[in-house]
Amino acid sequence: MGISKTLLGIAMIAVATAGCGGPGSHDSDSLSGGTRPPRSGKELPVAINSPVPGLLTVKSLLAGLPPKPPRDAPFTEQLLWMLRKDTVAMAGVPGKTSAACEGKVSELPGVRTRCTVIYNGVKVSWFIRFQEPAGDLKPYEIVNAGQTVLRAKAVYGEFFRAYNRVSKHLRCGKVPDLELVVYGQDTGYRCQYASFVNGKARWINVPVSVGERGVVFNHGRSPKSP
């Protein structure tokens with residue numbers, strides 16, 4: 001489980017500041033939920049009525065990290081900077097980070113080295129493993145060890161950003177401000193939107209998870225998907 005990237009030389013992992021679990025720009029009357037929320041079904045406790053300030057941007061991400069190491073910096077220094085960057089990107093909210101590896105990163109083929117990023121006091125582990133050299137290059141992979149952080153602000157903000165064009169009524173369950181969760185799997189938390197179909201409004205619940213680019217809703221499927 002986790003993120004697995006096979007890389008040649010020094011890797012740069014793309015940063016996406018917007019959540020990737022939303023439906024896009026669906027603006028259908030059949031999904032809008034009308035002007036009144038559904039009267040049937042369990043209503044989740046947190047109303048999502050407006051954009052949430054403080055979500056991650058490229059500017060705030062870089063502002064919260066130390067300067068990017070130069071190209072001639074030691075490999076471990078560059079690696080730790082990338083891991084800090086990727087951990088914050090998954091959290092979706094700026095945070096204080098530090099990082100360290102268990103000793104020197106081994107460049108022996110097949111040997112894994114564990115590195116840990118501490119984000120606002122929560123530990124997120126990663127593995128780095130080199131493969132057989134390919135000419136002058138040394139391929140390696142960076143793998144998330146299976147856990148990442150979930151932020152309430154990211155859940156609420158990204159849900160509004162992704163679903164506000166789909167429905168006039170958005171709600172979520174109560175999410176802790178900061179929690180360690182399993183990467184890429186259902187966290188057990190839910191958000192919901194009102195769907196208006198055949199003259200009746202109903203709540204549609206969607207699961208919340210965290211992927212490489214942050215919070216994901218309904219496993220990345222559109223509300224129109226079955």
Side-chain angles (χ1 to χ4, degrees), residues 14-65 85 87-97 119-120 122 148-181 186-197 199-225:
V15 176
T17 60
C20 64
S25 58
H26 301 289
D27 192 14
S28 171
D29 291 339
S30 65
L31 293 174
S32 68
T35 59
R36 296 181 180 180
R39 295 182 178 179
S40 61
K42 184 178 180 180
E43 185 179 272
L44 296 177
V46 181
I48 312 298
N49 297 320
S50 61
V52 175
L55 296 183
L56 195 68
T57 65
V58 173
K59 183 177 180 180
S60 63
L61 169 61
L62 297 179
L65 296 174
K85 177 182 176 183
T87 300
V88 177
M90 288 195 298
V93 178
K96 183 179 180 180
T97 62
Y119 171 94
N120 284 12
V122 175
T148 186
V149 290
L150 179 71
R151 298 294 308 268
K153 180 179 289 188
V155 173
Y156 302 153
E158 295 298 350
F159 191 63
F160 180 85
R161 178 184 286 173
Y163 281 77
N164 76 91
R165 295 182 181 179
V166 172
S167 176
K168 297 180 177 66
H169 308 289
L170 305 175
R171 306 188 72 87
C172 288
K174 181 65 176 177
V175 179
D177 176 64
L178 173 61
E179 184 178 15
L180 189 67
V181 298
D186 187 350
T187 62
Y189 297 107
R190 296 289 182 270
C191 289
Q192 63 185 186
Y193 63 95
S195 175
F196 193 73
V197 180
K200 295 183 179 181
R202 62 189 180 113
W203 288 114
I204 305 295
N205 289 343
V206 296
V208 178
S209 58
V210 181
E212 179 180 358
R213 298 184 179 182
V215 178
V216 176
F217 301 102
N218 201 27
H219 310 294
R221 294 194 292 266
S222 162
K224 289 186 176 181
S225 299

Exercise for the section: May I ask you to test the Asn218-Pro207 pair for a side-chain heavy-atom distance under 4.5 Å? Expected result: yes

Handout entry: Evaluation steps, side-chain contact (heavy atoms from CB on, under 4.5 Å), between Val206 and Phe159
Key = CA-CA 10 Å; Val206 296; Phe159 191 63; 3.9 Å; yes

Problem - Exam field: side chain Arg171 to backbone Gln192, donor-acceptor pair closer than 3.5 Å - result: no

Problem - Heavy-atom closest pair, residues Pro53 and Pro51 - result: CD-O, 3.7 Å

Practice task
Return the orientation label for the Tyr163 and Tyr193 ring planes: parallel under 30°, perpendicular over 60°, tilted otherwise.
Solution key: tilted

Problem - Any donor-acceptor pair under 3.5 Å from Ser167 side chain to Leu170 backbone - result: no

Fill in the blank from the handout: Rounding to 0.5 Å, atoms NZ (Lys85) and CG (Leu62) come to a distance of 6.5 Å

Practice task
Enter the distance from Leu44:CG to Cys172:SG here, rounded to the nearest 0.5 Å.
Solution key: 7.0 Å

Exercise for the section: State whether the side chain of Arg151 and the backbone N or O of Asp177 hold a donor-acceptor pair below 3.5 Å, judged by distance alone. Expected result: yes

Practice task
Please round to the nearest 0.5 Å and tell me the distance separating atom CG of Leu178 and atom CG of Asn120.
Solution key: 6.0 Å

Taking distance alone, no hydrogens or angles, what donor-acceptor pairs closer than 3.5 Å link side-chain atoms of residues 87-97 to residues at least two apart or in another chain?
residue: Thr87; atom: OG1; partner: Leu83; partner atom: O; Å: 2.8
residue: Thr87; atom: OG1; partner: Trp126; partner atom: NE1; Å: 3.2
residue: Thr97; atom: OG1; partner: Arg84; partner atom: NE; Å: 2.9
residue: Thr97; atom: OG1; partner: Arg84; partner atom: NH2; Å: 3.3

Completion exercise
Output for pair (Leu65 CG, Ser60 OG), nearest 0.5 Å, gives 9.5 Å

Problem - Side chain to side chain, Phe160 and Asn49, heavy atoms closer than 4.5 Å - result: no

Exercise for the section: Indicate yes or no: at least one non-hydrogen side-chain atom of Ser209 is less than 4.5 angstrom from one of Asp186. Expected result: no

Practice task
Kindly write out the residues that satisfy side-chain contact (heavy atoms from CB on, under 4.5 Å) with Val181, not counting sequence neighbours, or none if the list is empty.
Solution key: Thr148, Leu150, Glu179, Thr187, Val210

Problem - Any Phe217 side-chain heavy atom under 4.5 Å of Val208 side chain - result: yes

Exercise for the section: May I have all residue pairs that pass salt bridge (Lys or Arg N to Asp or Glu O under 4.0 Å) and include part of residues 51-62, sequence neighbours excluded? Expected result: none

Problem - Nearest heavy atoms of Ala154 and Val215, plus distance in Å - result: CB-CG2, 3.8 Å

Practice task
Evaluate the side-chain proximity of Glu43 to Trp203: yes if any heavy-atom separation is below 4.5 Å, no if none is.
Solution key: yes

Problem - Any Leu55 side-chain heavy atom under 4.5 Å of Lys153 side chain - result: yes

Exercise for the section: Assess the side chains of Tyr156 and Arg161: does a donor N or O sit below 3.5 Å from an acceptor N or O? Expected result: no

